[in-house]
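Each chain gets a letter, A, B and so on, in the order its sequence line appears, and its residues count up from 1.
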Amino acid sequence: MIARVALPIPRAAPFDYEVPLGLSVAVGDRVRVPFGPRHLWGIVVGVVAEPTFPGRLLPIEATSGPFLPPSTVSIIEEVSRRSFVPVGLALARLVPLPSRVRVRAVELAVPAEAASDLARRAPAQARILAAVAEGTTEVGALRRIPGGDRAVAALLRKGILRPRRLPFSYREESRAVALTSAQRAAVEAMRVGIGSGRKYLLFGPPGAGKTEVYLRAVVEGLARGKAGLLLVPEVSLLPQLWTRAGRVLGSPPAPYFGELRPGERWESWHGAQEGRIHCVVGTRSAVFVPFPDLGVIALDEEGEPAYKQEEMAPYYHARAVAELRAGREGAAVVLGAAAPSVETYSRAERGEIELLRLPQRVVGAEPAVRIVPRGDEVIGPALEEAVGRHLARRGQILLFINRLGFYTGAACRCRAILRCPDCEIPLVFHLSERAFRCHACGRVQRDPACPNCGETRFHLFGVGTERVEHEAKRLFPRATVARLDADAARDRDRILSSFATGEIQILVGAQMVGKGLDFPGISLVGIVNADQLLSTPDFRAGERTYQLIAGAAGRAGRGERPGEVIVQSDQPDYYAIRCAVRGDYAAFYGEEMRYREALRYPPFSRLVRMVVTGSGAEGKAGQVARDLGSHGFEVLGPARLFPRRGIPRAQLLVRGKDDVVELLAAALPQPPSWLRVDPDPIWLG
DNA sequence: AGCACGCCGACT
DNA sequence: GTCGGCGTGCTC
C-alpha cells in the first residue's frame, strides 16, 4: 500500500510513502514521515496501490490515527486546487493542531456555603474563594494572592473551582423576540433546505431581523440532530452574535476565529468533529470546522470583502467554501445581506439561489438620512449641530471613517508626498505613536525627511479615525468619546461593552463598527467622509461605497429613539451614494449591473489576478502575459504594483468565463514560486 | 519550509 | 589563499 502524504511545504504536491506491514493508514490520518534529513508530520490525502513517484519510497514512521474527516480533506484539496496552493500548505494553515487550553479564569463549581466548609482548614484556599466571590476570577490575579499559586491548583483539583471559558466579556440584556410573518416564512422556506444542500439569499434592510432568522434556522437543524455554523465578516461582531445565539439556542455556541488562543481554537474544532459541539460562531476560517452532520451554514453580510482571504495562501472565499460544503454535506446555506454583492444578487435573479425577502425593519423605524457638503472641516457644521442635539437628548452617536491614523498624508513644500521608502505608499501620521507609519509594512518613522529636499516639516492632511476622535473630544469636551479600529482592537471587548451600557456616548470607528452591530442606543450615525470610499481605483468601488454607507446608516435608530444619519460628501449625485442614502438597493443594482456589463466585469466575466513578486517582476509578468495570450487567454496588463518591503511587484488579470480557472490550471500545472494566482479577486490593487 | 550545493567579495 | 553572501534545487 502507498499513502499520499501532504506535507506542510510550499509549492509541492503530496509525497508518496510506503505503508509498512502492520500499520493501517486511511485518508485524514496524521502520520510522521522521513523527509530528507528531517522528520515531518503530514496528512494522508490518498491511499493507493501504485505510486506516482518513480523513485524509491521510504516508509511511514508513525501514525497518530484519524485526525481529519475525509470530507474536510477533500474540501481543503478542492480549495487548494482552485487557488493554486499546495494541499499540504493549505492543510497546515487551515487546520488547528492539538493544543491544551490554558485556564485563564475560574468560577465556583459548588454552592458557596459548601466551598467555605471545604476550605475552613486551608487559609490560602479560603482567601482565594473569598476573592472569587468578590469577582476576581482571573487566574493571574488569584495567583498573586499569598499562597495563591498552590491554592488555585488545589481548588481546581478538588473540583471546588472550575475553569471558566467565556470567549467574550460582552454582556447585554436579553430581549425576547417574536418573529414577524416574513421572518417566519423565511425560516419555513429554509426548513426544506436542511438536508438538501439548498442555497438562500436572505435579503432585507438593516434591522429587518436577519440574525433572528439564521438563529431559528439553526434551531430547526439542531432539532433534527444537525449542527449549525454561523459566520460573520469581522471578529467585532462575534460577541453580540455569540450572546444572542446562546439565548436562542439555550446554550452558548463555541467560538472559532483566527486570533483565538490555540487551545481554545482546537477545543472548538475538535469538539465539533467529535460531535460534542453542535453550533459554532466564527469568522471566515470557521467555514472549515468539521461537523459529522451539518444542517445550516449562515453567512451574515455575505457581500463583505473580509470573507475573502487574499493576503495569505490559501486564497479562498468563505461563501464559495460554504456552498461547496453545503452541496456535499447536504446543509442549507443562508447568505444574509442588506447590500448583497451584485454577483450574489444576480445569481438569485437567475434562480441559482432562492431569494427570501424581509421587507421591513422590525427594530426601530427608518432613519432620516441627509447628505451634507464635506467642506474643509472634519466634523462640519451640520454634523456638529446634530451631534450636539443627540447628546442633549441622551442618544448615542457613531462616527464612521474608513481610514486609520490621524493625518492620512504628508506633503513637503517641494510638493513631494511623504512615502514609505520600501512600499512607496503614503505614510500615515499616528498621534498614538507620534510617528508616521506605513500601512503596508508596518514600519514606523519618528521624524522622516523629504527624500527630495531633506525638509523635515510637512503639511499634514487627510482624516483618519484618530483625528475624528480628537475633533469629537475637542467639540464635545463633556462627552465620553472612544475609538474602535484595528489599532484599538486589543480593547475591543471592553469598548463594545461600555458602548452597550451607554457609558460611551460617541464611538468613532472604522470598518468594524460599520456593519452588523446592534445597539439600540445609537440615534445618530455620521459618515465623516463618504467620498474617500470611492477613491479606490477598483471596479468594486461603487459596491463598497454602497455597502459601507448602507451598513453604517443601518446602525442608527434600532431602538426607541428615531434614527438620524448624516453623510458628509461632495459628490451627492454619485449613484452609489445617492442610492445608499435612500436605501434603494434595486436602483443601485440596476446601475451597477449596467456598468459591469459595459466593461465586462464580474458577474459578466470571471477574473483571475496574477501577482509576480521579486526582482524583474515587470519583465516576468510581461512574459507570463505573452505566454497566456498565445494560449488564447484574454490578459489585461501587466501593470506595475507598489513594491512591498522593497520587493518589486507586478500584476496581470486574466479574464474569461466560468471555466477560466480550470483552463488556467491546465495551462499552469505548477505555477513558479514567484507567481501568485488568485481567482475571483476582491481587490485589484 | 529547511538544508544542501555552488559560485563571487573582504579578511586571517 | 579562506570565510561567507544567499541564488537555485531537492526532499517521496
*Asks:* Identify, residue by residue, the members of residues 57-68 of chain A with a heavy atom below 4.0 Å from DNA chain C, and return them in order of residue number, or none.
*Replies:* A/Leu57, A/Leu58
*Asks:* Regarding A/Arg640 and A/Glu424, does a basic nitrogen lie under 4.0 Å from an acidic carboxylate oxygen?
*Replies:* yes
*Asks:* Indicate yes or no: does A/Arg606 engage A/Glu343 in a salt bridge with an N to O separation below 4.0 Å.
*Replies:* no
*Asks:* Which residues within residues 22-51 of chain A lie with some heavy atom under 4.0 Å of an atom in DNA chain C?
*Replies:* A/Pro34, A/Phe35, A/Gly36
*Asks:* Contact boundaries of DNA chain B with chain A (under 4.0 Å, heavy atoms), 5' to 3'?
*Replies:* B/dA1 to B/dG2
*Asks:* Can you list, in residue-number order, the parts of residues 3-17 of chain A that come under 4.0 Å of DNA chain C, counting heavy atoms only?
*Replies:* A/Phe15, A/Asp16, A/Tyr17
*Asks:* Can you find a heavy atom in the side chain of A/Tyr315 that is under 4.5 Å from one in the side chain of A/Arg676?
*Replies:* yes
*Asks:* Tell me, which pairs form a ring pair (Phe, Tyr, Trp, His ring centres under 6.0 Å) where one or both residues lie in residues 656-685 of chain A, sequence neighbours left out?
*Replies:* none
*Asks:* Going by atom types only, do A/Glu329 and A/Ser71 share a side-chain donor-acceptor pair under 3.5 Å?
*Replies:* no
*Asks:* Filter on ring pair (Phe, Tyr, Trp, His ring centres under 6.0 Å), then keep only pairs touching residues 620-669 of chain A, sequence neighbours left out; what's left?
*Replies:* none
*Asks:* With a 4.0 Å heavy-atom cut-off, tell me which residues in residues 86-94 of chain A come close to DNA chain B, sorted by residue number.
*Replies:* none
*Asks:* How about A/Asp485 and A/Thr465: does a side-chain donor come under 3.5 Å of a side-chain acceptor?
*Replies:* yes
*Asks:* Applying salt bridge (charged side-chain N to carboxylate O under 4.0 Å, His left out), run through A/Arg544 and A/Glu304 and close with a yes or a no.
*Replies:* CA-CA 8 Å; A/Arg544 284 298 291 146; A/Glu304 282 302 323; 3.6 Å; yes
*Asks:* Less than 3.5 Å apart, any donor N or O on the side chain of A/Arg4 or A/Thr52 sitting next to an acceptor on the other?
*Replies:* yes
*Asks:* Nearest 0.5 Å, what's the NE2-CZ distance between A/His439 and A/Arg403?
*Replies:* 7.0 Å
*Asks:* Is it true that A/Asp487 and A/Arg437 make a salt bridge, defined as a side-chain N closer than 4.0 Å to a carboxylate O?
*Replies:* yes
*Asks:* Would you call A/Arg56-A/Glu18 a salt bridge at under 4.0 Å N-O?
*Replies:* no
*Asks:* List the atom pairs, donor and acceptor, that lie under 3.5 Å between side-chain atoms in residues 274-290 of chain A and the rest of the protein, sequence neighbours left out.
*Replies:*
unit_1	atom_1	unit_2	atom_2	d
A/Glu274	OE1	A/Arg276	NE	2.8
A/Glu274	OE1	A/Arg276	NH2	2.9
A/Arg276	NH1	A/Glu267	OE2	3.1
A/His278	NE2	A/Gly275	O	3.1
A/Arg284	NH1	A/Ala306	O	2.8
A/Arg284	NH1	A/Lys308	O	3.4
A/Arg284	NH2	A/Glu311	OE2	3.0

*Asks:* For nucleotides 4-7 of chain C, tabulate all protein N/O to nucleotide N/O atom pairs closer than 3.5 Å, reporting atom names and distance.
*Replies:*
none

*Asks:* Sorted by first residue and then second, give each salt bridge (Lys or Arg N to Asp or Glu O under 4.0 Å) pair with at least one member in residues 609-630 of chain A; sequence neighbours left out.
*Replies:* none
*Asks:* Should A/Val654 and A/Val677 count as side-chain neighbours, where that means a heavy-atom distance under 4.5 Å?
*Replies:* no
*Asks:* Identify all side-chain donor-acceptor contacts of residues 21-43 of chain A below 3.5 Å with residues at least two apart in sequence or on another chain.
*Replies:*
unit_1	atom_1	unit_2	atom_2	d
A/Asp29	OD2	A/Ala26	N	2.9
A/His39	ND1	A/Glu61	OE1	3.0
A/His39	ND1	A/Glu61	OE2	2.9

*Asks:* If you look only at pairs with a residue in residues 74-85 of chain A, which of them pass as a side chain to side chain donor-acceptor pair (under 3.5 Å), with sequence neighbours excluded?
*Replies:* A/Ser74-A/Arg328, A/Glu78-A/Arg81, A/Glu78-A/Arg82
